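What follows is a single structure, written as structure tokens, with notes after it.
This structure is a prediction, so every number in the text was calculated from the model and none was measured. Lettering of chains follows the sequences in order, A, B, ..., and the numbering in each one begins at 1.
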There are 2 protein chains.
Amino acid sequence: MNTDREDLLDDPRLTAVGLLAEAYTGLMNRLAAQFDEHRLSQVEFEVLMRLARSPGKRLRMTDLAGQTTLSTSGVTRVVDRMERSGLVCREACPSDRRSSYAVITEAGSQRIAEVLPGHLELLQKWYVGMLPTDQLTQLLDSLRTIRDAVNPCAAAGSAETAQPA
Amino acid sequence: MNTDREDLLDDPRLTAVGLLAEAYTGLMNRLAAQFDEHRLSQVEFEVLMRLARSPGKRLRMTDLAGQTTLSTSGVTRVVDRMERSGLVCREACPSDRRSSYAVITEAGSQRIAEVLPGHLELLQKWYVGMLPTDQLTQLLDSLRTIRDAVNPCAAAGSAETAQPA
DNA sequence: AGCAGGCACTTGACAGAGCAACTATTGCCG
DNA sequence: CGGCAATAGTTGCTCTGTCAAGTGCCTGCT
């Protein structure tokens, strides 16, 4: 009598989203171990990366929030912590006294330089290296399609724009 | 003089992982709105799904932890909350008095039945429906490859095994 | 049998993140 | 110019989840 319900539970779309979730979270778990070694959290790593790639090695708090998965108050707190550990510092925005910049410090840049080589190796080993080149290209294409639909903001501004060289 | 560092920051592998992250988190954000409407969190939804799909509509706490992103203490707390709201209940394991089962209740099953149709629509709209069939197949293939490498446990036992019907 | 070690689960203390409320600026509109 | 809505950031409260320690139960070894 429950066949309707049962059928829904076996929908292939659920398998599809499960696969995406497991691949993503599984990969993140692999990466986490290395972050731990370097006393960085995933969020901190992302903050450092975003800052390092931005002009002037700085970003307004709000923009940083927009580029990460954090709310603005989340950014306030991460930057608090990272400022305490010397990886970033705040700087006043000369043109708008409400705003402030988060700026990556020399220590922050060094920390990234320490972590990145191992990080890239892990990505190679558990992600991009798992697939032949053309299949990887295809995968990234598909992901980009989904990303653009689901998160249109990310398409503008970020490294993505620099991509079609 | 910093060219070494700069080069690392532009590595295409970083773009690749960024794409995966943005696609995944973006999709999850789209789904979150619907969960809210039904007073369910993402984790609660996953717990209900796992239980609903398991034989006897039940799972030992530890197994539930293994199938989700939660630690065992995390599972204890989610099940606490869900038991309070009547979606699941605990049952003693007859063969091992250390273990207990989380069992989905009728209310829990109903809740899932309410949420699933809309959930599947959203998946259609923002994920599987974005890609032509063969490209989707290819995507799932690639994701499965990565998932199997990165999270070998998930390959056994779960819905994945039931897949090749 | 009896105990040593391991396992399943729970609990206490704590960290990270979000929302909503608050402060300080800014800039628009009369 | 004066006031008011909107914006940038921070802070208080709360929720969720982890880790480490604790409890009770099981199992293998002697």
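At a threshold of 4.0 angstrom between heavy atoms, the contacts of B/V78 are confined to the sugar-phosphate backbone, with no base atom among them. Using a 4.0 Å heavy-atom cutoff across all strands shown, B/S41 reaches no nucleic acid atom at all. Using a 4.0 Å heavy-atom cutoff across all strands shown, A/T68 reaches no nucleic acid atom at all. Note on A/V75: nothing from the nucleic acid sits closer than 4.0 angstrom, heavy atoms only. B/D96 comes within 4.0 angstrom of the backbone, heavy atoms only, and of no base.
In this structure, the OH atom of A/Y101 is 12 Å from the C1' atom of D/dA8, given to the nearest Å. Residue B/L59 contributes atom CG, which lies 13 Å from atom P of C/dA8 at whole-angstrom precision.
Between the side chains of A/T68 and A/E46, not a single donor N or O lies within less than 3.5 Å of an accepting N or O.
A cation-pi arrangement is absent between A/R60 and A/Y101, since the terminal nitrogen or guanidinium carbon is not both under 6.0 Å from the aromatic centre and inside a 45° cone about the axis.
Remark: the backbone N or O of A/G86 is paired with a side-chain donor or acceptor of A/T105 at under 3.5 angstrom.
Regarding contacts with the backbone of D/dG12, every side-chain N or O of A/R77 stays at 4.0 angstrom or more from both OP1 and OP2. For A/R97, no side-chain nitrogen or oxygen approaches OP1 or OP2 of C/dA24 to under 4.0 Å. In this model, the phosphate group of C/dA8 is not approached by any side-chain N or O of B/S99 to a distance below 4.0 Å at OP1 or OP2. Between C/dT10 and B/R90, a contact under 4.0 Å exists linking OP1 or OP2 to a side-chain N or O.
Electrostatic pairing of B/D80 and B/R77 does not count as a salt bridge here, judged by no charged N lying under 4.0 Å from a carboxylate O.
Comparing A/P94 and A/S71 by the nucleotide of DNA chain C whose heavy atom lies nearest to each, the residue mapping closer to the 5' end is A/S71.
At a cut-off of 3.5 angstrom, counting only N and O atoms as typed in the model, there is a donor on one side and an acceptor on the other between the side-chain of B/R98 and the base of C/dC7.
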